[in-house]
Amino acid sequence: MAGFFEKLKGGLSQTGGGLLAGLFAGDARIDGDFYDELEEALILADVGMPTSTKILGQLKETVRAQNIHTSGEAKQAMVELLTGIMRPEESFLPQAGQAVLLIVGVNGVGKTTSIGKLAHYYKQQGQKPLLAAADTFRAAAAEQLRIWAGRADVPIVSQGEGADPAAVVFDAIASYKAKGLNLLLVDTAGRLHNKKNLMAELSKMRRIVERELPEVRCETLLVLDAVTGQNALAQAKAFGEAAGLTGIILTKLDGTAKGGVALAVREELGVPVRFVGVGEGIDDLQPFDPEAFARALLG
Ligand code: GDP
């Protein structure tokens, strides 16, 4: 656990996040200059304008109400404020519940890796995951996923390149039922250049899940590369329109990511971050902890 938090903190202490941490490290007087610097630091940390404005407004209110004078005193208020913005309305995947997770995202964001890590994570939790290789568009996708299935020691269902993704899901559900499993992780092709196809493909998969597993919760999680900052936010907006997202997996927070996009997606899109990735190893993924994340952002 400590290792995970250190990686997260190490990543977020780069440029944007580092500025934020710096602002709250000392005991600077809270005045107009402080708020200007804070706004700049939030923008540089990829929080985005609308969310930064909201945060500043709320912090000003708290500072007034609690008679706070220095940045050191304001730090805890800021942690609570950021935690409040990022906290999801409901928790994710109650233990032992059944679920289908459709995983979407553009190539290179860390989708395959995240599915492998998720399979491992849930297996460690005593769940019984199955992978479905429904990204039949890329020849290498199923093969990469198979390698992760091996690492996580979970079964996988795939068909040949160019197969109908919905047919893969159908096959996978049959296997899921036959083997008495309880978590189906579906890798999907993230081709955003054709939103209409993407939408049609995802809704077809969802329809099959609803028909074959009517009692089972189906989530659509978008994988975003946190390093890409505001571009990640734009991707989330586009996917949100096409795919009806229910959550975000934020990867590469160990790199040069500034992390503020976690606040932006929650505030601007209403979609909570569910998992964060901090490396390429199988253990480098954990459920999102809003308070730990806020503390890491603030140093
Ligand atoms: P996909 O094309 O979206 O399926 O992306 P991959 O899963 O193949 O990952 C693309 C690259 O990002 C690979 O080199 C991964 O090792 C790397 N990667 C994925 N997640 C993380 C992460 O959390 N941190 C770091 N540093 N690298 C990651």
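One-based numbering, in listed order, for ligands and for the atoms of each.
The number of heavy atoms from other shown groups lying within 6.0 Å of CD (Gln76) is above 12. Shown here is Phe170, whose CZ atom has no more than 12 heavy atoms of other residues, nucleotides or ligands within 6.0 Å. Enclosure of atom CZ in Arg29 is not indicated, since only 12 or fewer non-hydrogen atoms of other residues, nucleotides or ligands lie within 6.0 angstrom.
With contacts defined as side-chain heavy-atom distances shorter than 4.5 Å, the pair Ile249/Leu285 qualifies. No side-chain heavy atom of Trp148 sits less than 4.5 Å from a side-chain heavy atom of Val154. Residues Leu224 and Gln235 form a side-chain contact, since some pair of their non-hydrogen atoms from C-beta on lies under 4.5 Å apart. Using a 4.5 Å heavy-atom cutoff, the side chains of Lys237 and Glu268 are in contact. Looking at heavy atoms from C-beta onward, Leu250 lies out of side-chain contact with Phe288 at the 4.5 angstrom threshold.
Distance from atom 10 (C) of ligand 1 to its nearest protein heavy atom, with residue and atom name: Gly108 O, 3.8 Å. Of all protein heavy atoms, the one closest to atom 18 (N) of ligand 1 is Lys252 CE, 3.8 Å. At the top of the distance list for atom 16 (O) of ligand 1, counting protein heavy atoms only, stands Glu280 OE2, 2.5 Å. Residue, atom and distance of the protein heavy atom nearest to atom 4 (O) of ligand 1 are Thr112 OG1, 2.5 Å. Among all protein heavy atoms, the one lying closest to atom 24 (N) of ligand 1 is Asp254 OD1, 2.8 Å.
Remark: ligand 1 and Gln144 share no N or O pair separated by less than 3.5 Å (distance only, no angle test). Ligand 1 has no nitrogen or oxygen under 3.5 angstrom from a nitrogen or oxygen of Thr251.
The side chain to side chain donor-acceptor pair (under 3.5 Å) test applied to Ser158 returns Arg146, not counting sequence neighbours.
Each of the following atoms of ligand 1 lies closer than 4.0 Å to a heavy atom of Gly110: 1 (P), 3 (O), 5 (O), 6 (P), 7 (O), 9 (O), 19 (C). The atoms of ligand 1 that sit less than 4.0 Å from any heavy atom of Val109 are 3 (O). Near Val106, the atoms of ligand 1 lying under 4.0 angstrom from a non-hydrogen atom of the residue are 3 (O). Within the listing of ligand 1, atoms 6 (P), 7 (O), 9 (O), 15 (C), 19 (C) sit less than 4.0 angstrom from a heavy atom of Thr113. In summary, the atoms of ligand 1 found under 4.0 Å from a heavy atom of Gly277, numbered by their order in the structure, are 23 (O). Heavy-atom proximity to Lys111, at under 4.0 Å, picks out these atoms of ligand 1: 1 (P), 3 (O), 4 (O), 5 (O), 7 (O).
Heavy-atom distances between Gly105 and ligand 1 stay at or above 4.0 Å for every pair. For the ligand labelled ligand 1, residue Asp284 lies outside the 4.0 Å heavy-atom shell. Under a 4.0 Å heavy-atom criterion, Gly279 is in contact with ligand 1. Heavy-atom separations between Arg138 and ligand 1 include at least one value shorter than 4.0 Å.
Of the heavy atoms in Lys117, only side-chain atoms (C-beta onward) come closer than 4.0 Å to ligand 1.
When all heavy atoms of Gly229 and Asp46 are compared, the pair lying nearest together is CA-OD2, 3.2 Å.
Classification of Arg266 and Glu89 as a salt-bridged pair holds, one side-chain N sitting under 4.0 Å from a carboxylate O.
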